[in-house]
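Have a look at the structure below before the remarks.
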2 protein chains.
Amino acid sequence: MLPRAEKKLQTRHTLLQSTLDLMDGGRGFCGLSLREVTRQAGVVPAAFYRHFEDMDQLGLALVQESTQSLLTAIRQVRHNELEVGGAIDASVRIFLDHVEANRQHFMFLAREQFGGSSLVRQAITNVYRQFSNDLMADLADMSRLKHLDREDLAILSDLLIKAVFSSLPDVLDHLESPATAPFDPQSALVHKLRFIMIGAKHWLGIRGGKDQRL
Amino acid sequence: MLPRAEKKLQTRHTLLQSTLDLMDGGRGFCGLSLREVTRQAGVVPAAFYRHFEDMDQLGLALVQESTQSLLTAIRQVRHNELEVGGAIDASVRIFLDHVEANRQHFMFLAREQFGGSSLVRQAITNVYRQFSNDLMADLADMSRLKHLDREDLAILSDLLIKAVFSSLPDVLDHLESPATAPFDPQSALVHKLRFIMIGAKHWLGIRGGKDQRL
DNA sequence: TCGGATAGTCAACAAATGTTTACTGAAATT
DNA sequence: AATTTCAGTAAACATTTGTTGACTATCCGA
(Lines give C-alpha, C1' and ligand atoms only; values in the text may rest on other atoms or scores of the structure.)
Protein backbone atom coordinates (compact mmCIF):
# COMPACT_ATOMS: atom_id res chain seq x y z
CA MET A 1 0.00 0.00 0.00
CA LEU A 2 1.04 3.55 -0.53
CA PRO A 3 2.75 5.04 2.51
CA ARG A 4 0.34 7.96 2.25
CA ALA A 5 -2.96 6.15 2.77
CA GLU A 6 -1.23 3.57 4.92
CA LYS A 7 -0.25 6.21 7.43
CA LYS A 8 -3.81 7.49 7.46
CA LEU A 9 -5.23 4.04 8.11
CA GLN A 10 -2.74 3.62 10.89
CA THR A 11 -3.92 6.79 12.62
CA ARG A 12 -7.52 5.75 12.12
CA HIS A 13 -6.73 2.45 13.77
CA THR A 14 -5.03 4.26 16.63
CA LEU A 15 -8.21 6.28 17.20
CA LEU A 16 -10.33 3.12 17.30
CA GLN A 17 -7.87 1.34 19.55
CA SER A 18 -7.64 4.35 21.88
CA THR A 19 -11.40 4.26 22.24
CA LEU A 20 -11.29 0.58 23.24
CA ASP A 21 -8.45 1.28 25.65
CA LEU A 22 -10.42 4.06 27.31
CA MET A 23 -13.41 1.77 27.64
CA ASP A 24 -11.22 -0.73 29.46
CA GLY A 25 -11.47 1.64 32.38
CA GLY A 26 -15.03 0.44 32.84
CA ARG A 27 -16.70 3.41 31.19
CA GLY A 28 -19.25 3.24 28.40
CA PHE A 29 -18.78 4.53 24.90
CA CYS A 30 -21.15 7.43 25.41
CA GLY A 31 -19.08 8.57 28.36
CA LEU A 32 -16.08 9.24 26.15
CA SER A 33 -15.44 12.61 24.58
CA LEU A 34 -13.93 13.29 21.19
CA ARG A 35 -11.05 15.17 22.79
CA GLU A 36 -10.37 12.35 25.21
CA VAL A 37 -10.02 9.91 22.35
CA THR A 38 -7.66 12.13 20.39
CA ARG A 39 -5.66 12.83 23.53
CA GLN A 40 -5.27 9.09 24.12
CA ALA A 41 -4.31 8.63 20.49
CA GLY A 42 -1.65 11.34 20.76
CA VAL A 43 -3.30 13.47 18.14
CA VAL A 44 -4.78 16.95 18.08
CA PRO A 45 -8.61 17.15 18.36
CA ALA A 46 -9.07 18.62 14.89
CA ALA A 47 -7.32 15.63 13.34
CA PHE A 48 -10.28 13.52 14.37
CA TYR A 49 -12.37 14.98 11.55
CA ARG A 50 -9.96 13.67 8.92
CA HIS A 51 -11.25 10.20 9.81
CA PHE A 52 -14.75 10.43 11.30
CA GLU A 53 -17.59 12.88 11.07
CA ASP A 54 -18.34 12.55 14.78
CA MET A 55 -18.17 10.05 17.64
CA ASP A 56 -21.21 8.17 16.40
CA GLN A 57 -19.46 7.37 13.17
CA LEU A 58 -16.44 6.13 15.08
CA GLY A 59 -18.80 3.94 17.05
CA LEU A 60 -20.23 2.47 13.85
CA ALA A 61 -16.71 1.77 12.60
CA LEU A 62 -16.04 0.00 15.88
CA VAL A 63 -19.15 -2.11 15.43
CA GLN A 64 -17.96 -3.09 11.98
CA GLU A 65 -14.47 -3.92 13.20
CA SER A 66 -15.86 -6.02 16.06
CA THR A 67 -18.31 -7.70 13.73
CA GLN A 68 -15.51 -8.70 11.44
CA SER A 69 -13.89 -10.54 14.33
CA LEU A 70 -17.18 -12.11 15.22
CA LEU A 71 -17.86 -13.22 11.67
CA THR A 72 -14.53 -14.98 11.59
CA ALA A 73 -15.34 -16.78 14.81
CA ILE A 74 -18.82 -17.74 13.67
CA ARG A 75 -17.54 -19.18 10.43
CA GLN A 76 -15.09 -21.32 12.33
CA VAL A 77 -17.93 -22.46 14.53
CA ARG A 78 -20.19 -23.25 11.60
CA HIS A 79 -17.43 -25.19 9.90
CA ASN A 80 -16.92 -27.08 13.09
CA GLU A 81 -20.59 -27.89 13.46
CA LEU A 82 -20.34 -30.09 10.41
CA GLU A 83 -18.10 -32.46 12.29
CA VAL A 84 -19.70 -35.24 14.24
CA GLY A 85 -20.12 -35.36 17.98
CA GLY A 86 -19.73 -32.76 20.71
CA ALA A 87 -20.56 -29.86 18.45
CA ILE A 88 -21.56 -27.61 21.29
CA ASP A 89 -18.39 -28.15 23.30
CA ALA A 90 -16.15 -27.53 20.33
CA SER A 91 -18.17 -24.59 19.04
CA VAL A 92 -18.22 -22.85 22.37
CA ARG A 93 -14.54 -23.52 22.81
CA ILE A 94 -13.71 -21.95 19.47
CA PHE A 95 -16.05 -19.06 20.06
CA LEU A 96 -14.65 -18.31 23.49
CA ASP A 97 -11.08 -18.61 22.26
CA HIS A 98 -11.92 -15.93 19.79
CA VAL A 99 -13.56 -13.82 22.45
CA GLU A 100 -10.40 -14.09 24.50
CA ALA A 101 -8.26 -13.09 21.54
CA ASN A 102 -10.47 -10.07 20.84
CA ARG A 103 -11.47 -9.18 24.35
CA GLN A 104 -11.87 -5.46 23.83
CA HIS A 105 -14.00 -5.79 20.74
CA PHE A 106 -16.42 -8.16 22.41
CA MET A 107 -16.51 -5.98 25.50
CA PHE A 108 -17.52 -3.14 23.26
CA LEU A 109 -20.29 -5.22 21.67
CA ALA A 110 -21.53 -6.52 25.00
CA ARG A 111 -21.56 -3.11 26.62
CA GLU A 112 -23.07 -1.14 23.77
CA GLN A 113 -25.68 -3.62 22.60
CA PHE A 114 -28.29 -1.68 24.57
CA GLY A 115 -26.12 1.31 25.34
CA GLY A 116 -26.03 5.01 24.80
CA SER A 117 -25.84 5.80 21.10
CA SER A 118 -28.95 4.73 19.23
CA LEU A 119 -27.01 4.52 15.97
CA VAL A 120 -24.51 2.11 17.47
CA ARG A 121 -27.25 0.15 19.20
CA GLN A 122 -29.19 -0.26 15.98
CA ALA A 123 -26.08 -1.39 14.13
CA ILE A 124 -25.38 -4.07 16.72
CA THR A 125 -29.02 -5.16 16.64
CA ASN A 126 -28.72 -5.68 12.89
CA VAL A 127 -25.62 -7.80 13.39
CA TYR A 128 -27.54 -9.88 15.90
CA ARG A 129 -30.37 -10.46 13.48
CA GLN A 130 -27.92 -11.48 10.80
CA PHE A 131 -26.21 -14.00 13.02
CA SER A 132 -29.52 -15.32 14.21
CA ASN A 133 -30.58 -15.87 10.61
CA ASP A 134 -27.34 -17.67 9.80
CA LEU A 135 -27.71 -19.88 12.82
CA MET A 136 -31.31 -20.62 11.88
CA ALA A 137 -30.19 -21.90 8.50
CA ASP A 138 -27.70 -24.21 10.19
CA LEU A 139 -30.23 -25.49 12.67
CA ALA A 140 -32.65 -26.26 9.85
CA ASP A 141 -30.09 -28.72 8.50
CA MET A 142 -29.76 -30.65 11.72
CA SER A 143 -31.52 -33.98 11.55
CA ARG A 144 -32.56 -33.98 15.19
CA LEU A 145 -34.44 -30.70 14.72
CA LYS A 146 -36.50 -31.70 11.70
CA HIS A 147 -39.69 -31.58 13.73
CA LEU A 148 -39.38 -27.81 14.25
CA ASP A 149 -41.11 -25.40 11.89
CA ARG A 150 -39.71 -22.07 10.74
CA GLU A 151 -41.05 -20.11 13.68
CA ASP A 152 -39.68 -22.62 16.16
CA LEU A 153 -36.28 -22.39 14.53
CA ALA A 154 -36.33 -18.60 14.46
CA ILE A 155 -37.13 -18.43 18.15
CA LEU A 156 -34.64 -21.16 18.97
CA SER A 157 -31.78 -19.44 17.17
CA ASP A 158 -32.70 -16.12 18.77
CA LEU A 159 -32.63 -17.79 22.16
CA LEU A 160 -29.26 -19.40 21.51
CA ILE A 161 -27.75 -16.13 20.32
CA LYS A 162 -29.16 -14.27 23.31
CA ALA A 163 -27.87 -16.94 25.68
CA VAL A 164 -24.39 -16.65 24.23
CA PHE A 165 -24.29 -12.87 24.19
CA SER A 166 -25.86 -12.36 27.58
CA SER A 167 -23.11 -14.60 28.93
CA LEU A 168 -20.43 -12.47 27.32
CA PRO A 169 -20.06 -10.13 30.30
CA ASP A 170 -19.51 -13.11 32.61
CA VAL A 171 -16.90 -14.54 30.29
CA LEU A 172 -15.13 -11.21 29.88
CA ASP A 173 -15.08 -10.53 33.60
CA HIS A 174 -13.76 -14.01 34.17
CA LEU A 175 -10.88 -13.33 31.79
CA GLU A 176 -9.70 -10.44 33.93
CA SER A 177 -10.37 -11.77 37.42
CA PRO A 178 -10.95 -15.52 37.31
CA ALA A 179 -12.58 -15.69 40.76
CA THR A 180 -15.62 -13.47 40.24
CA ALA A 181 -18.22 -15.89 38.94
CA PRO A 182 -19.56 -18.77 41.00
CA PHE A 183 -18.86 -21.17 38.12
CA ASP A 184 -16.57 -21.27 35.15
CA PRO A 185 -18.50 -19.23 32.59
CA GLN A 186 -17.36 -21.38 29.71
CA SER A 187 -18.66 -24.67 31.05
CA ALA A 188 -21.73 -22.86 32.36
CA LEU A 189 -22.43 -21.64 28.85
CA VAL A 190 -22.09 -25.15 27.46
CA HIS A 191 -24.46 -26.32 30.15
CA LYS A 192 -27.01 -23.66 29.19
CA LEU A 193 -26.84 -24.39 25.49
CA ARG A 194 -27.40 -28.07 26.26
CA PHE A 195 -30.52 -27.24 28.24
CA ILE A 196 -31.82 -25.36 25.24
CA MET A 197 -30.88 -27.93 22.61
CA ILE A 198 -32.32 -30.78 24.62
CA GLY A 199 -35.49 -28.81 25.03
CA ALA A 200 -35.62 -28.20 21.30
CA LYS A 201 -35.12 -31.88 20.60
CA HIS A 202 -38.02 -32.86 22.85
CA TRP A 203 -40.25 -30.03 21.67
CA LEU A 204 -43.73 -31.26 20.82
CA GLY A 205 -45.29 -28.08 19.48
CA ILE A 206 -46.56 -25.01 21.23
CA ARG A 207 -49.45 -26.82 22.94
CA GLY A 208 -47.07 -29.53 24.11
CA GLY A 209 -47.91 -33.03 25.24
CA LYS A 210 -49.62 -33.48 28.57
CA ASP A 211 -46.23 -34.01 30.14
CA GLN A 212 -45.09 -30.68 28.81
CA ARG A 213 -47.60 -28.50 30.59
CA LEU A 214 -45.30 -26.22 32.51
CA MET B 1 -46.08 12.99 56.50
CA LEU B 2 -44.86 16.44 57.37
CA PRO B 3 -45.23 18.90 54.49
CA ARG B 4 -41.56 19.76 54.85
CA ALA B 5 -40.01 16.38 54.10
CA GLU B 6 -42.88 15.54 51.81
CA LYS B 7 -42.03 18.42 49.52
CA LYS B 8 -38.42 17.30 49.48
CA LEU B 9 -39.35 13.76 48.53
CA GLN B 10 -41.52 15.15 45.78
CA THR B 11 -38.64 17.10 44.27
CA ARG B 12 -36.41 14.07 44.59
CA HIS B 13 -38.97 12.04 42.71
CA THR B 14 -39.18 14.74 40.05
CA LEU B 15 -35.42 14.47 39.54
CA LEU B 16 -35.62 10.70 39.14
CA GLN B 17 -38.60 10.93 36.82
CA SER B 18 -36.92 13.64 34.74
CA THR B 19 -33.97 11.33 34.26
CA LEU B 20 -36.23 8.56 32.99
CA ASP B 21 -38.03 11.00 30.72
CA LEU B 22 -34.75 12.16 29.21
CA MET B 23 -33.71 8.55 28.63
CA ASP B 24 -36.93 8.03 26.69
CA GLY B 25 -35.23 9.98 23.94
CA GLY B 26 -33.11 6.90 23.27
CA ARG B 27 -30.04 8.12 25.11
CA GLY B 28 -28.15 6.25 27.80
CA PHE B 29 -27.84 7.30 31.40
CA CYS B 30 -24.20 8.24 31.06
CA GLY B 31 -25.11 10.62 28.25
CA LEU B 32 -27.13 12.77 30.59
CA SER B 33 -25.65 15.71 32.45
CA LEU B 34 -26.52 16.90 35.91
CA ARG B 35 -27.66 20.25 34.55
CA GLU B 36 -29.84 18.61 31.95
CA VAL B 37 -31.66 16.66 34.62
CA THR B 38 -32.24 19.69 36.82
CA ARG B 39 -33.37 21.70 33.80
CA GLN B 40 -35.92 19.02 32.94
CA ALA B 41 -37.03 18.95 36.56
CA GLY B 42 -37.50 22.71 36.59
CA VAL B 43 -34.95 23.21 39.31
CA VAL B 44 -31.66 25.08 39.58
CA PRO B 45 -28.48 22.94 39.21
CA ALA B 46 -27.30 23.54 42.75
CA ALA B 47 -30.55 22.13 44.14
CA PHE B 48 -29.43 18.73 42.86
CA TYR B 49 -26.95 18.43 45.71
CA ARG B 50 -29.73 18.62 48.29
CA HIS B 51 -30.77 15.16 47.11
CA PHE B 52 -27.82 13.35 45.53
CA GLU B 53 -24.08 13.56 45.86
CA ASP B 54 -23.59 13.14 42.13
CA MET B 55 -25.17 11.51 39.09
CA ASP B 56 -23.90 8.08 40.08
CA GLN B 57 -25.87 8.24 43.30
CA LEU B 58 -28.99 9.24 41.39
CA GLY B 59 -28.37 6.22 39.19
CA LEU B 60 -28.19 3.95 42.22
CA ALA B 61 -31.45 5.41 43.51
CA LEU B 62 -32.96 4.66 40.12
CA VAL B 63 -31.76 1.07 40.33
CA GLN B 64 -33.38 0.75 43.71
CA GLU B 65 -36.65 2.27 42.52
CA SER B 66 -36.71 -0.01 39.47
CA THR B 67 -35.82 -2.99 41.60
CA GLN B 68 -38.75 -2.28 43.85
CA SER B 69 -41.03 -2.53 40.82
CA LEU B 70 -39.32 -5.70 39.77
CA LEU B 71 -39.60 -7.24 43.22
CA THR B 72 -43.32 -6.64 43.15
CA ALA B 73 -43.60 -8.37 39.80
CA ILE B 74 -41.44 -11.27 40.84
CA ARG B 75 -43.46 -11.86 43.98
CA GLN B 76 -46.63 -12.02 41.95
CA VAL B 77 -44.93 -14.47 39.64
CA ARG B 78 -43.70 -16.65 42.49
CA HIS B 79 -47.11 -16.67 44.08
CA ASN B 80 -48.56 -17.64 40.76
CA GLU B 81 -46.10 -20.45 40.28
CA LEU B 82 -47.68 -22.24 43.20
CA GLU B 83 -50.84 -22.66 41.23
CA VAL B 84 -51.18 -25.69 39.04
CA GLY B 85 -50.92 -25.73 35.27
CA GLY B 86 -49.64 -23.21 32.74
CA ALA B 87 -47.25 -21.59 35.18
CA ILE B 88 -45.02 -20.20 32.48
CA ASP B 89 -47.83 -18.58 30.52
CA ALA B 90 -49.32 -16.95 33.58
CA SER B 91 -45.97 -15.93 35.04
CA VAL B 92 -44.81 -14.33 31.84
CA ARG B 93 -48.14 -12.60 31.44
CA ILE B 94 -47.93 -11.10 34.92
CA PHE B 95 -44.31 -10.16 34.49
CA LEU B 96 -44.89 -8.47 31.16
CA ASP B 97 -47.96 -6.66 32.43
CA HIS B 98 -45.75 -5.23 35.11
CA VAL B 99 -43.08 -4.33 32.58
CA GLU B 100 -45.71 -2.49 30.59
CA ALA B 101 -46.92 -0.63 33.66
CA ASN B 102 -43.35 0.40 34.55
CA ARG B 103 -41.93 0.76 31.09
CA GLN B 104 -39.38 3.45 31.91
CA HIS B 105 -37.95 1.65 34.89
CA PHE B 106 -37.40 -1.55 32.98
CA MET B 107 -35.96 0.36 30.07
CA PHE B 108 -33.50 1.82 32.50
CA LEU B 109 -32.58 -1.62 33.83
CA ALA B 110 -32.30 -3.13 30.38
CA ARG B 111 -30.18 -0.31 29.03
CA GLU B 112 -27.86 0.13 31.99
CA GLN B 113 -27.29 -3.52 32.90
CA PHE B 114 -23.99 -3.40 31.00
CA GLY B 115 -23.89 0.33 30.49
CA GLY B 116 -21.79 3.32 31.35
CA SER B 117 -21.53 3.77 35.09
CA SER B 118 -19.73 0.90 36.80
CA LEU B 119 -21.48 1.65 40.09
CA VAL B 120 -24.90 1.35 38.48
CA ARG B 121 -23.84 -1.71 36.51
CA GLN B 122 -22.62 -3.47 39.64
CA ALA B 123 -25.83 -2.63 41.49
CA ILE B 124 -27.94 -4.13 38.72
CA THR B 125 -25.68 -7.20 38.62
CA ASN B 126 -26.30 -7.73 42.32
CA VAL B 127 -30.05 -7.51 41.77
CA TYR B 128 -29.71 -10.12 39.06
CA ARG B 129 -27.86 -12.47 41.32
CA GLN B 130 -30.47 -12.03 44.00
CA PHE B 131 -33.30 -12.82 41.65
CA SER B 132 -31.43 -15.77 40.25
CA ASN B 133 -31.00 -17.15 43.77
CA ASP B 134 -34.68 -16.68 44.55
CA LEU B 135 -35.66 -18.42 41.36
CA MET B 136 -33.26 -21.25 42.14
CA ALA B 137 -35.01 -21.84 45.45
CA ASP B 138 -38.35 -22.04 43.66
CA LEU B 139 -37.04 -24.41 41.02
CA ALA B 140 -35.65 -26.68 43.70
CA ASP B 141 -39.20 -27.19 44.95
CA MET B 142 -40.55 -28.30 41.60
CA SER B 143 -41.17 -32.02 41.46
CA ARG B 144 -40.25 -32.38 37.81
CA LEU B 145 -36.79 -30.94 38.48
CA LYS B 146 -35.83 -33.20 41.36
CA HIS B 147 -33.15 -34.87 39.26
CA LEU B 148 -31.11 -31.64 39.04
CA ASP B 149 -28.34 -30.93 41.51
CA ARG B 150 -27.47 -27.53 42.93
CA GLU B 151 -25.14 -26.56 40.12
CA ASP B 152 -27.70 -27.56 37.51
CA LEU B 153 -30.31 -25.44 39.24
CA ALA B 154 -27.99 -22.47 39.59
CA ILE B 155 -27.15 -22.53 35.90
CA LEU B 156 -30.77 -23.14 34.95
CA SER B 157 -32.05 -20.18 36.93
CA ASP B 158 -29.29 -17.98 35.57
CA LEU B 159 -30.27 -19.01 32.07
CA LEU B 160 -33.95 -18.30 32.68
CA ILE B 161 -33.21 -14.88 34.15
CA LYS B 162 -30.88 -14.03 31.28
CA ALA B 163 -33.46 -15.18 28.75
CA VAL B 164 -36.09 -12.96 30.30
CA PHE B 165 -33.89 -9.91 30.63
CA SER B 166 -32.24 -10.19 27.25
CA SER B 167 -35.77 -10.21 25.82
CA LEU B 168 -36.67 -7.02 27.66
CA PRO B 169 -35.48 -4.70 24.87
CA ASP B 170 -37.64 -6.56 22.34
CA VAL B 171 -40.64 -6.30 24.61
CA LEU B 172 -40.07 -2.63 25.35
CA ASP B 173 -39.59 -1.76 21.69
CA HIS B 174 -42.72 -3.70 20.88
CA LEU B 175 -44.67 -1.59 23.35
CA GLU B 176 -43.81 1.59 21.49
CA SER B 177 -43.94 0.40 17.89
CA PRO B 178 -45.75 -2.96 17.67
CA ALA B 179 -44.45 -3.78 14.19
CA THR B 180 -40.71 -3.90 14.83
CA ALA B 181 -40.13 -7.50 15.89
CA PRO B 182 -40.76 -10.44 13.56
CA PHE B 183 -42.84 -12.15 16.25
CA ASP B 184 -44.81 -11.09 19.26
CA PRO B 185 -42.11 -10.84 21.93
CA GLN B 186 -44.40 -12.07 24.65
CA SER B 187 -45.32 -15.37 23.03
CA ALA B 188 -41.74 -15.69 21.80
CA LEU B 189 -40.53 -15.40 25.37
CA VAL B 190 -42.97 -18.10 26.50
CA HIS B 191 -41.71 -20.26 23.67
CA LYS B 192 -38.11 -19.75 24.76
CA LEU B 193 -38.78 -20.50 28.40
CA ARG B 194 -40.52 -23.70 27.34
CA PHE B 195 -37.47 -24.78 25.35
CA ILE B 196 -35.39 -24.29 28.45
CA MET B 197 -37.76 -25.96 30.91
CA ILE B 198 -38.28 -28.95 28.65
CA GLY B 199 -34.54 -29.26 28.31
CA ALA B 200 -34.18 -29.14 32.08
CA LYS B 201 -36.80 -31.81 32.50
CA HIS B 202 -35.01 -34.18 30.12
CA TRP B 203 -31.57 -33.37 31.43
CA LEU B 204 -29.55 -36.50 32.14
CA GLY B 205 -26.42 -35.03 33.65
CA ILE B 206 -23.52 -33.20 32.13
CA ARG B 207 -22.25 -36.22 30.17
CA GLY B 208 -25.76 -36.91 28.92
CA GLY B 209 -27.15 -40.09 27.49
CA LYS B 210 -25.94 -41.23 24.12
CA ASP B 211 -28.97 -39.50 22.58
CA GLN B 212 -27.94 -36.28 24.18
CA ARG B 213 -24.59 -35.90 22.54
CA LEU B 214 -24.97 -32.57 20.80
C1' DT C 1 10.99 18.93 -10.62
C1' DC C 2 6.98 21.33 -9.92
C1' DG C 3 2.22 21.94 -8.06
C1' DG C 4 -1.71 20.17 -5.95
C1' DA C 5 -3.65 17.25 -2.45
C1' DT C 6 -4.04 16.37 2.32
C1' DA C 7 -2.94 14.38 7.27
C1' DG C 8 -2.01 16.68 11.08
C1' DT C 9 -0.98 21.17 13.92
C1' DC C 10 -2.13 25.45 16.15
C1' DA C 11 -5.03 28.74 18.09
C1' DA C 12 -9.29 30.36 19.02
C1' DC C 13 -14.51 30.39 19.80
C1' DA C 14 -18.88 29.88 22.00
C1' DA C 15 -21.27 26.78 24.71
C1' DA C 16 -21.92 23.60 28.30
C1' DT C 17 -20.46 21.26 32.31
C1' DG C 18 -19.71 20.26 37.65
C1' DT C 19 -19.21 22.65 41.81
C1' DT C 20 -18.92 26.38 45.20
C1' DT C 21 -20.36 30.24 47.88
C1' DA C 22 -23.59 33.38 49.80
C1' DC C 23 -28.42 34.26 49.92
C1' DT C 24 -33.67 33.94 50.81
C1' DG C 25 -37.80 32.63 52.68
C1' DA C 26 -40.89 29.37 54.44
C1' DA C 27 -41.50 25.65 57.71
C1' DA C 28 -40.14 23.53 62.23
C1' DT C 29 -38.69 23.93 66.81
C1' DT C 30 -38.36 26.09 71.02
C1' DA D 1 -43.12 35.04 69.22
C1' DA D 2 -38.31 34.33 68.45
C1' DT D 3 -34.97 31.28 66.46
C1' DT D 4 -33.12 27.67 63.99
C1' DT D 5 -33.23 24.57 59.94
C1' DC D 6 -32.89 23.82 55.30
C1' DA D 7 -34.93 23.25 50.26
C1' DG D 8 -34.26 25.95 46.65
C1' DT D 9 -32.19 30.36 44.30
C1' DA D 10 -28.70 33.34 42.19
C1' DA D 11 -24.40 34.21 40.47
C1' DA D 12 -19.99 33.17 39.58
C1' DC D 13 -15.75 29.94 38.79
C1' DA D 14 -12.57 27.11 36.34
C1' DT D 15 -12.75 23.21 33.06
C1' DT D 16 -13.93 20.78 29.36
C1' DT D 17 -16.28 20.19 25.36
C1' DG D 18 -17.21 20.22 19.93
C1' DT D 19 -16.05 22.73 15.93
C1' DT D 20 -13.82 26.01 12.90
C1' DG D 21 -10.29 28.36 9.93
C1' DA D 22 -5.79 29.26 8.61
C1' DC D 23 -1.35 27.07 8.64
C1' DT D 24 2.49 23.60 7.54
C1' DA D 25 4.94 19.82 5.95
C1' DT D 26 4.98 15.89 3.46
C1' DC D 27 3.70 12.72 -0.14
C1' DC D 28 1.78 12.05 -4.77
C1' DG D 29 1.02 12.50 -9.70
C1' DA D 30 2.19 15.06 -13.66
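Proteins get letters first, then strands, A, B, ... in listed order; numbering begins at 1 in each. Any value given below was found using the heavy atoms of this structure, including those in side chains, with hydrogens, waters and symmetry copies removed. It should be emphasised that the depicted structure is a prediction, and the values quoted were computed from it without experimental measurement.
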Please report, to 0.1 Å, the donor-acceptor pairs under 3.5 Å made by any side chain of residues 13-20 of chain A, with sequence neighbours excluded.
unit_1	atom_1	unit_2	atom_2	d
A/Thr14	OG1	A/Gln10	O	2.9
A/Gln17	NE2	A/Asp21	OD1	3.0
A/Gln17	NE2	A/Gln104	OE1	2.7
A/Ser18	OG	A/Thr14	O	2.6
A/Thr19	OG1	A/Leu15	O	2.9

Subject >> Rounded distance (Å) that lies between atom P of D/dT19 and atom CD of A/Gln57 >> reply: 12 Å

Subject >> Whole-Å gap separating P (D/dT17) and CE (A/Met55) >> reply: 11 Å

Original post:
So what does A/Tyr49 hit on the nucleic acid, given a heavy-atom distance under 4.0 Å: a base, only sugar-phosphate, or nothing?
Top reply: base

**OP:** Using atom CZ of A/Phe48 as one end and atom C1' of D/dG21 as the other, report the distance to the nearest whole Å.
**Re:** 19 Å

Subject >> Results of side-chain hydrogen bond (donor to acceptor under 3.5 Å, both in side chains) for A/Ser69 - residues two or more places apart only >> reply: A/Asn102

Original post:
Once you round it to whole Å, what is the distance between C1' of C/dT6 and CD of A/Glu6?
Top reply: 17 Å

Got a list of protein N/O to nucleotides 6-10 of chain D N/O distances below 3.5 Å?
unit_1	atom_1	unit_2	atom_2	d
D/dC6	O4'	B/Arg4	NH2	3.0
D/dC6	O2	B/Arg4	NH2	3.4
D/dA7	OP1	B/Lys8	NZ	3.4
D/dG8	OP1	B/Thr11	OG1	2.3
D/dG8	OP2	B/His51	NE2	2.6
D/dG8	N7	B/Arg50	NE	2.9
D/dG8	N7	B/Arg50	NH2	3.4
D/dG8	O6	B/Arg50	NH2	2.3
D/dT9	OP2	B/Val44	N	3.1

Original post:
Under 4.5 Å between any side-chain heavy atoms of B/Lys162 and A/Asp170, yes or no?
Top reply: yes

Original post:
Of the residues in residues 13-28 of chain B, which ones touch DNA chain D at a heavy-atom distance under 4.0 Å?
Top reply: none

Subject >> Nearest-angstrom distance from the residue atom CZ of A/Phe52 to P of D/dG18 >> reply: 15 Å

Subject >> Note, A/Met197 side chain near A/Leu160 side chain (heavy atom, < 4.5 Å) >> reply: yes

Subject >> Any residue meeting side-chain hydrogen bond (donor to acceptor under 3.5 Å, both in side chains) with B/Gln113, in chain and number order, not counting sequence neighbours >> reply: B/Tyr128

Subject >> Value rounded to 0.5 Å, distance of CG in A/Leu172 from CZ in A/Arg111 >> reply: 9.0 Å

Name the pairs: protein N/O against N/O of nucleotides 13-16 of chain D, kept only if under 3.5 Å.
none

Subject >> Separation of atom CD in B/Glu36 from atom C1' in C/dA15, rounded to whole Å >> reply: 13 Å

**OP:** In whole angstrom, give the distance that lies between atom CG of A/Leu32 and atom C1' of D/dT17.
**Re:** 13 Å

Original post:
Looking at side-chain heavy atoms only, is the closest gap between B/Val171 and B/Phe106 below 4.5 Å?
Top reply: no

Original post:
By salt bridge (Lys or Arg N to Asp or Glu O under 4.0 Å), which residues pair with B/Arg121, not counting sequence neighbours?
Top reply: none

**OP:** Runs of at least three consecutive Watson-Crick or G-U pairs, both distances under 3.5 Å, are what I'm after; which ones involve DNA chain C?
**Re:** C:4-27 with D:4-27

Subject >> Distance, rounded to the nearest Å, where A/Glu53 contributes CD and D/dT20 contributes C1' >> reply: 15 Å

Subject >> A/Leu193 side chain near A/Val164 side chain, heavy-atom distance below 4.5 Å >> reply: yes

**OP:** Would you please name every residue forming a side-chain hydrogen bond (donor to acceptor under 3.5 Å, both in side chains) with A/Asn133, sequence neighbours left out?
**Re:** none

**OP:** Just jot down the side-chain hydrogen bond (donor to acceptor under 3.5 Å, both in side chains) partners of B/Thr125, sequence neighbours excluded, or say none.
**Re:** none

For a quick test of your reading: what N or O donor-acceptor pairs under 3.5 Å do the side chains of residues 37-60 of chain B make, sequence neighbours left out?
unit_1	atom_1	unit_2	atom_2	d
B/Thr38	OG1	B/Leu34	O	3.4
B/Thr38	OG1	B/Arg35	O	2.8
B/Asp54	OD1	B/Asp56	N	3.1
B/Asp54	OD1	B/Gln57	N	3.1
B/Asp56	OD1	B/Ser117	OG	2.5

**OP:** Using the disulfide bond (SG atoms under 2.5 Å apart) rule, collect all pairs that involve residues 5-60 of chain B, keeping only residues at least two apart or in two chains.
**Re:** A/Cys30-B/Cys30

